[in-house]
Amino acid sequence: MKAAAFEYTRPESLQDALRALRAHEGRAKLMAGGQSLGPMLNLRLARPPVVIDISGLSELRTVTRQDGKLRVGAAVTHAEIEDGVHELLRGTPLQQVAPGIAYRAIRNRGTLGGSLAHADPAADWVLTVVGLGATLEIAGPAGVRMLPAEDYMQGAYTAGLREDELISAVHIPEAGPQARWGYYKFCRKTGEFAEASCAAWFDPAAKTARIAVGALDGAPRLLPQLAARIAQQGLAGLDETLLANELAGVMQDKDEHHRKLHGTAVTRCLAQALG
């Protein structure tokens, strides 16, 4: 199929993009890499009268250090992160995650902010930002607001964005010298979305211990009790009963098979981070 007819506009600045969003009163769709929106347009699952292309906005394509965090522009592509194009991202958890996203052709075009805006429960960046305790920078007519990653996603394909807002950047905590990161996901084959996934981030210098599970029916969920125990005891604190109980609390609608799959993802993720 082909997309229904729509008007295409390519703003020259972030403020122009925000004005275009306001002018169309929630009827327009933003496009960065187009790897999610493109298929939806072609299948006519989305029929916006206007598409606003923000992929070339320089304000969204930089990586800087700001207030002890790395500010990653929303239009930075998966491939740019994978290839270490931005020096500040080399060796970071983002560079470790990026190569496992879909296929290279998609990584060449897909963007960090676009993936987050799509809010697919099985997507890699959705889980990564929650696991890291990142903060989303959201631009709107009233200026910029900051939103913790765990408060952003409200459900499957449902995000905490207003109709006249867009994600302008993601703020990632910088790692201390003893920080450890793990990321593990189950896919039926390379390039597919995960059936179960886990991200773990431990940074003693920042007193941070986070374990998040993804590929659920909605937003990623944290396992705070297990994270606190692992932070104190290392892998020796990986108690199967505690893990099973915490997973049961965030996966009430999943059967035993899925809980087992997620439990294994957590175990392998922790082994990767701390082994």
Side-chain angles (χ1 to χ4, degrees), residues 93-94 96-97 100-101 115-116 119-136 147-160 170 172-173 175-176 178-188 192-275:
L94 269 65
Q96 295 177 41
V97 171
I101 297 174
S115 176
L116 292 172
D120 189 312
D124 295 271
W125 291 137
V126 168
L127 175 59
T128 298
V129 296
V130 172
L132 287 171
T135 304
L136 275 60
L147 183 66
E150 56 261 41
D151 297 333
Y152 165 71
M153 189 171 164
Q154 299 171 351
Y157 307 102
T158 305
V170 179
I172 305 292
Q178 295 180 305
R180 296 292 182 269
W181 167 258
Y183 190 85
Y184 191 89
K185 63 178 180 178
F186 280 110
C187 300
R188 286 186 180 270
E192 289 193 346
F193 282 108
E195 293 186 41
S197 56
C198 178
W201 175 243
F202 297 94
D203 189 348
K207 298 181 180 179
T208 298
R210 298 173 71 88
I211 300 173
V213 290
L216 304 173
D217 291 333
R221 299 291 297 274
L222 293 169
L223 306 180
Q225 295 180 47
L226 181 63
R229 180 163 179 161
I230 295 295
Q232 293 177 346
Q233 302 178 25
L235 286 177
L238 181 54
D239 181 84
E240 291 186 5
T241 300
L242 176 58
L243 172 58
N245 289 340
E246 278 216 276
L247 285 176
V250 301
M251 300 178 65
Q252 297 96 332
D253 298 329
K254 293 289 189 180
D255 58 25
E256 185 62 28
H257 164 73
H258 285 96
R259 293 182 188 179
K260 181 69 173 178
L261 204 61
H262 279 79
T264 302
V266 172
T267 300
R268 295 183 181 181
C269 175
L270 291 173
Q272 182 188 113
L274 302 174

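Remark: Arg180 pairs with no residue by the side chain to side chain donor-acceptor pair (under 3.5 Å) rule, at least two apart or across chains. The side-chain contact (heavy atoms from CB on, under 4.5 Å) check on Leu235 picks up Leu270, Leu274, with sequence neighbours excluded. Partners of Glu195 under the side-chain contact (heavy atoms from CB on, under 4.5 Å) rule, at least two apart in sequence or in another chain, are Arg188, Leu261. Arg229 meets the side chain to side chain donor-acceptor pair (under 3.5 Å) test with no other residue; sequence neighbours excluded.
In this structure, the side chain of Thr267 engages the main chain of Gly263 through a donor-acceptor pair within 3.5 Å. At least one donor-acceptor pair closer than 3.5 Å links the side chain of Asp203 to the backbone N or O of Gly176.
Taking CG from Leu147 and OH from Tyr152, the interatomic distance works out to 8.5 Å, rounded to the nearest 0.5 Å. Separation of atoms CG (Leu94) and OH (Tyr183) is listed at 10.5 Å; rounding is to 0.5 Å. With rounding to the nearest 0.5 angstrom, the OG atom of Ser197 is 11.5 Å from the OH atom of Tyr184. Expressed to the nearest 0.5 Å, how far NE2 of His258 lies from NE2 of His262 amounts to 7.5 Å. The CH2 atom of Trp181 lies 8.0 Å from the CD atom of Gln96; values are rounded to the nearest 0.5 Å. The CG atom of Leu223 sits 7.0 Å away from atom CG of Leu243, with the distance rounded to the nearest 0.5 Å.
Among residues at least two apart or in separate chains, there is no side-chain hydrogen bond (donor to acceptor under 3.5 Å, both in side chains) pair with a member in residues 231-251. Residue pairs meeting the side-chain hydrogen bond (donor to acceptor under 3.5 Å, both in side chains) criterion with at least one member in residues 205-226, sequence neighbours excluded, are Glu150-Arg210, Asp217-Lys254.
Scanning all heavy atoms of the two residues, the minimum distance from Pro148 to Thr135 falls at N-CG2, 4.2 Å. Pairing each heavy atom of Val129 with each of Leu116, the nearest pair is CG2-CD2, 3.9 Å. Closest approach of Asp124 and Val97 over heavy atoms only: CB-CG1, 3.9 Å. A pairwise comparison of heavy atoms in Ile211 and Cys198 identifies CG2-SG, 3.8 Å as the closest pair.
The side-chain heavy atoms of Pro220 and Met153, taken from C-beta on, include a pair separated by under 4.5 Å.
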